[in-house]
A.B. asks: 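Got a structure for you, questions after.
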Amino acid sequence: MAKKYWLMKCEPAAYTIADLKRDGTTSWEGVRNYQARNFMRDEMHVGDAVLFYASNADPSGVTGLATIARAGYPDQFSWKKGHKYFDAASSKEKPLWYMVDLAFKKQFDGTVSLATLKNTPGLEDMVVTRRGSRLSVQPVTKAEYDIVVRLGSKLQSARR
DNA sequence: GCCAACGTTGGC
DNA sequence: GCCAACGTTGGC
């Protein structure tokens, strides 16, 4: 199974790369979009690389790296009555939604902002740079991943 | 806080 | 199966 590359969005108010650094691993529940679910359920595998993207942030952008620690498994919060991720259409017997676990890899010393992504040659086709792109789990190519990693590392050396 | 873009729902 | 209405996302 070839290693795959992903971008996963989260609002800083909910979870940040610093939180992931502290926790080591985290579960990624609450995704309620079919396209994103299909990626998590069918295509993510342990060891896949993840760009951690902070949305609705100042600025929004990639703040670090993670890896998939556990492949897609049913989102048990979806059948917990009263939970904020409850969905009556989902049950333990017939799960509708799926989640994965992430492991911390690296925190950038800053943010590779969306503006930077948009201005970087080679990233023109990234899903996140497209107008109106709301998908919270997106595939990226290895080339795109490598470019973002380089941009993130440069952030760190520039600071010192 | 605004609002454009998007996904989902539901009436017909 | 169409499409208007609605709720949500997310950049600015």
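Numbered from 1 within each chain, the chains take letters A, B, ... in sequence-line order. Values reported hereafter were calculated over all heavy atoms of this structure, with side chains retained and with hydrogens, waters and symmetry mates removed.
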A.B. asks: Kindly assign one of parallel, tilted or perpendicular to the pair W28(A) and Y15(A), based on the angle between their ring planes and the thresholds 30° and 60°.
C.D. replies: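 Judged by the thresholds at 30° and 60°, the geometry between W28(A) and Y15(A) is perpendicular.
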A.B. asks: Once you measure the plane-to-plane angle for Y85(A) and F77(A), does it fall in the parallel (<30°), tilted (30-60°) or perpendicular (>60°) bin?
C.D. replies: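 Answer is perpendicular, since the angle exceeds 60°.
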A.B. asks: Any donor-acceptor pair under 3.5 Å linking the side chain of D48(A) with the backbone of K4(A)?
C.D. replies: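 Checking the backbone N and O of K4(A) against the side chain of D48(A), a donor-acceptor pair under 3.5 Å is found.
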A.B. asks: Is D75(A) salt-bridged to R32(A), cutoff N-O under 4.0 Å?
C.D. replies: yes
A.B. asks: Check for a donor-acceptor pair, side chain of D19(A) on one end and backbone N or O of T16(A) on the other, with a separation under 3.5 Å.
C.D. replies: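 Present.
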A.B. asks: Side chains of D42(A) and Y98(A): is there a donor and an acceptor less than 3.5 Å apart?
C.D. replies: no
A.B. asks: Could you tell me whether a side-chain N or O of E124(A) sits under 3.5 Å from a main-chain N or O of G122(A), the two making a donor and an acceptor?
C.D. replies: yes
A.B. asks: Using the C1' atoms of five pairs at each end, what's the angle between the two axes of the helix from dG1(B)-dC12(C) to dC12(B)-dG1(C), to 10 degrees?
C.D. replies: 10°
A.B. asks: Specify the separation, in whole Å, of atom CZ of R131(A) and atom C1' of dC12(C).
C.D. replies: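 The answer, rounded to whole Å, is 13 Å.
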A.B. asks: Between the side chains of R150(A) and D146(A), is the shortest nitrogen-to-carboxylate-oxygen separation below 4.0 Å, so that they form an ion pair?
C.D. replies: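 Salt bridge between D146(A) and R150(A), a charged N being under 4.0 Å from a carboxylate O: no.
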A.B. asks: Which nucleotides of nucleotides 4-10 of chain C have their base under 4.0 Å from a protein heavy atom (B), which only their sugar-phosphate (S), and which neither (-), written as one string 5' to 3'?
C.D. replies: ---BBBB
